[in-house]
Amino acid sequence: MQSIYALHQKNSDDIEKEEKFLINSIDNISNLYLIMISSLIELRKKEILFLETSSKKHLATPEERNPNRKFVNNAVLQNLEDSNSISIAIEKRKIDNWIMNDDYILILLNEVKQSSLYEKYMLSRTNSFEEDKQFVVDMFTEIIAPNEKLYEYIEDNKLTWIDDIPMVNTQILKQLKAITQEEEFRVTKLYKDEEDKEYVSLLFRKTVLNEVDLAKEYIDKTPNWDTERIAELDTIILKMAICEFLKFPSIPVKVTINEYLEIAKEYSTPKSSIFINGILDNLVKEFSKENKIKKSGRGLL
């Protein structure tokens, strides 16, 4: 949607250039994912360094000489650091953000250690896997994901990441909740399969190359709306949804409608989702009568 909108704003017909930017932007989601995952690893490393430095002070206190190491012994954090899958992905993609900007990790670590969550967790010195996992899940949810400084860093690093971070954080949280003591944490795949990857370019190209014909499908279905006054994003959303109805037999109609209504709520005007829902519902009924929608597979209508 954003790439098609960008083409419109530039009055450009350079589809290949915009498609390349689209693919690169999606590929960069993997970098953001690894940056967020590695922040957990770096928190543990910084705390280990802090404990070692404190214990070597000339006038170290008994607590500094024999600190509570429950946080650095956290089994989930150790799992992440020991994961070959993460290490290989970080090396392959040259993720060194926290080496270059470790001040953000120190800010995060300070917020963690000042939190009631950390205080409660550190009341004992013994680790249990379930408690360790719950602590990491809560720490990520309550402290790391919503951290404003971290958000600002991500925003400054790459503009497209602002839209991607909720999805990335949701995926990480899902994986943290599912982590087990027996299995190594594995980096999630960006695409489900090759068909999933091809879908990106196909939807972009089929929408852009058929915009005039796709627009004809809804223009006379908006009697109470001046066509020229319909928000541009709404027209793009309608075209993409209609494109999926007619040119993507494996995508269920309900999935298409639900996805584009969510996009409209997130990016367009307050009334857009109601308007779009009405248009798409009417089009589905019309297309079904005319046998225009040809879906393959069970339950796709």
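None of the values given here were measured: they were computed from a predicted structure.
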State whether the side chain of Thr207 and the backbone N or O of Phe204 hold a donor-acceptor pair below 3.5 Å, judged by distance alone. no
Is it the case that Asp163 and Tyr267 place a side-chain donor and acceptor less than 3.5 Å from each other? yes
In the structure I gave you, are the side-chain heavy atoms of Phe245 and Ile257 within less than 4.5 Å of one another anywhere? yes
Quick one, Asn127 and Tyr121 - any side-chain contact, counting heavy atoms below 4.5 Å? yes
How about Trp98 and Ile35: do any of their side-chain heavy atoms sit closer than 4.5 Å? yes
Does any N or O in the side chain of Arg125 come within less than 3.5 Å of the main-chain N or O of Lys70, such that one atom is a donor and the other an acceptor? no
Inter-residue atom distance Glu290.CD - Leu283.CG, 0.5 Å rounding: 9.5 Å
If you measure only the distance, is there a donor-acceptor pair under 3.5 Å linking the side chains of Gln114 and Glu119? no
CD1 of Ile263 to OG of Ser268: how many Å apart, nearest 0.5 Å? 11.0 Å
Considering only NZ, NE, NH1 and NH2 on the basic side and carboxylate oxygens on the acidic side, decide whether Glu42 and Lys45 come within less than 4.0 Å. yes
More than 12 heavy atoms of other groups within 6.0 Å of Arg186 CZ: no
Transitively linked via ILVMFWY side-chain contacts under 4.5 Å: Met1 with Ile162? yes
Taking the six-membered ring of Phe248 as reference, does the cationic atom of Lys206 (NZ for Lys, CZ for Arg) lie under 6.0 Å from its centre and within 45° of its axis? yes
Is the Lys NZ or Arg CZ of Lys10 less than 6.0 Å from the centre of Tyr5's six-membered ring, within 45° of the axis? no
I'd like to know whether CD of Glu195 has more than 12 heavy-atom contacts from other residues, nucleotides or ligands below 6.0 angstrom. no
Would you say Glu183 and Asn79 are linked by a side-chain donor-acceptor pair, where the criterion is simply a distance under 3.5 Å? no
Do the side chain of Lys94 and the main chain of Glu91 share a donor and acceptor less than 3.5 angstrom apart? no
Checking salt bridge (charged side-chain N to carboxylate O under 4.0 Å, His left out) for the pair Glu198/Arg205: CA distance, chi angles, key distance, verdict? CA-CA 11 Å; Glu198 289 173 357; Arg205 283 184 168 269; over 6 Å; no
Group every Ile, Leu, Val, Met, Phe, Trp and Tyr by side-chain heavy-atom contacts under 4.5 Å, then state whether Val72 and Leu49 land in the same group. no
Do Asp27 and Arg93 sit within salt-bridge range, that is, some charged N less than 4.0 Å from a carboxylate O? yes
Hey, what do you get for CG (Asn210) to NZ (Lys216), rounding to the nearest 0.5 Å? 11.0 Å
Is there a donor-acceptor pair closer than 3.5 Å between any side-chain N or O of Asn74 and the backbone N or O of Leu77? yes
ILVMFWY network linking Ile41 to Ile107, side-chain heavy atoms under 4.5 angstrom: no
With a 4.5 Å cut-off on side-chain heavy atoms, are Trp161 and Ile29 touching? no
Give me the ring orientation class for Phe71 and Phe135: parallel if the planes are under 30° apart, tilted from 30 to 60°, perpendicular past 60°. perpendicular
Strictly by modelled atom types, are Glu19 and Ser201 linked by a side-chain donor-acceptor pair under 3.5 Å? yes
Taking the side chain from Arg65 and the backbone from Ser55, do they hold a donor-acceptor pair closer than 3.5 Å? no
Does one hydrophobic cluster hold both Leu190 and Phe21, with members joined at side-chain heavy-atom distances below 4.5 Å? no
Do side-chain atoms of Lys295 reach the backbone of Val253 as a donor and acceptor pair under 3.5 angstrom? no
Working for side chain to side chain contact (heavy atoms under 4.5 Å, CB included), residues Leu173 and Lys177: CA-CA 6 Å; Leu173 191 58; Lys177 288 179 178 179; 3.9 Å; yes
Can you pull out every side chain to side chain donor-acceptor pair (under 3.5 Å) where at least one residue sits in residues 134-158? Sequence neighbours excluded, please. Asn97-Tyr153, Asn101-Tyr153, Glu111-Asn147, Gln134-Asp138, Tyr153-Asn157
Quick check: closest heavy atoms across Ser124 and Asn68, and the distance to 0.1 Å? O-ND2, 3.1 Å
If we ignore hydrogens and angles and just use 3.5 Å, is the side chain of Ser128 paired with the main-chain N or O of Glu131 as donor and acceptor? yes
Is there a donor-acceptor contact under 3.5 Å linking the side chains of Tyr199 and Glu244? yes
When every non-hydrogen atom of Ser115 is compared with those of Val112, the smallest separation belongs to OG-O, 2.6 Å
Verify whether one side chain among Glu64 and Ser54 offers a donor that lies under 3.5 Å from an acceptor in the other. no
Measure the spacing between OG1 of Thr61 and CG of Asn66 and express it to the nearest 0.5 Å. 10.0 Å
Counting only N and O atoms by type, is there a donor-acceptor contact under 3.5 Å from the side chain of Asp102 to the main-chain atoms of Ile105? no
Linked, directly or transitively: Ile143 and Leu106 (ILVMFWY side chains, under 4.5 Å): no
Scanning both residues in full, the closest heavy-atom pair of Leu108 with Ile144 reads CD2-CA, 4.3 Å
If I take atom CG from residue Leu7 and atom CD from residue Gln9, how far apart are they, to the nearest 0.5 angstrom? 10.5 Å
Student check: side-chain heavy atoms of Tyr33 and Gln175 closer than 4.5 Å: yes
So, Glu286 and Lys292, do they make that salt bridge, N to O below 4.0 Å? no
Check whether any side-chain heavy atom of Leu150 lies under 4.5 Å from a side-chain heavy atom of Met36, and answer yes or no. yes
Salt bridge check, Glu262 against Lys265: does any charged N sit closer than 4.0 Å to a carboxylate O? yes
Is Lys120 atom NZ crowded by more than 12 heavy atoms from other residues, nucleotides or ligands, each under 6.0 Å away? no
Supply the atom-to-atom distance Asn277 CG to Ser272 OG, rounded to the nearest 0.5 angstrom. 12.0 Å
Closest heavy-atom contact between Thr160 and Ser25? CG2-OG, 3.8 Å
If you apply the rule side chain to side chain contact (heavy atoms under 4.5 Å, CB included), what do you find for Glu52 with Ile48, and how did you get there? CA-CA 6 Å; Glu52 289 177 352; Ile48 289 173; 3.6 Å; yes
Given side chains that start at C-beta, do those of Thr235 and Tyr218 come closer than 4.5 Å, heavy atoms only? yes
Under 3.5 Å, side chain of Ser87 to main-chain N/O of Asn84, donor-acceptor pair present? no
What do you reckon, is CD of Glu211 surrounded by more than 12 foreign heavy atoms closer than 6.0 Å? yes
CA sep, side-chain torsions, deciding dist, call: Lys174, Thr188, side chain to side chain contact (heavy atoms under 4.5 Å, CB included): CA-CA 11 Å; Lys174 179 181 176 182; Thr188 192; over 6 Å; no
Where do Met139 and Leu40 come nearest, in terms of heavy atoms and distance? CE-CD2, 3.7 Å
Is any side-chain heavy atom of Leu238 closer than 4.5 Å to one of Glu217? no
Show the numbers, then the answer: is there a side chain to side chain contact (heavy atoms under 4.5 Å, CB included) between Glu47 and Arg69? CA-CA 9 Å; Glu47 181 62 5; Arg69 299 182 62 84; over 6 Å; no
Between the side chain of Asp132 and the main-chain N/O of Ala75, is any donor-acceptor distance below 3.5 Å? yes
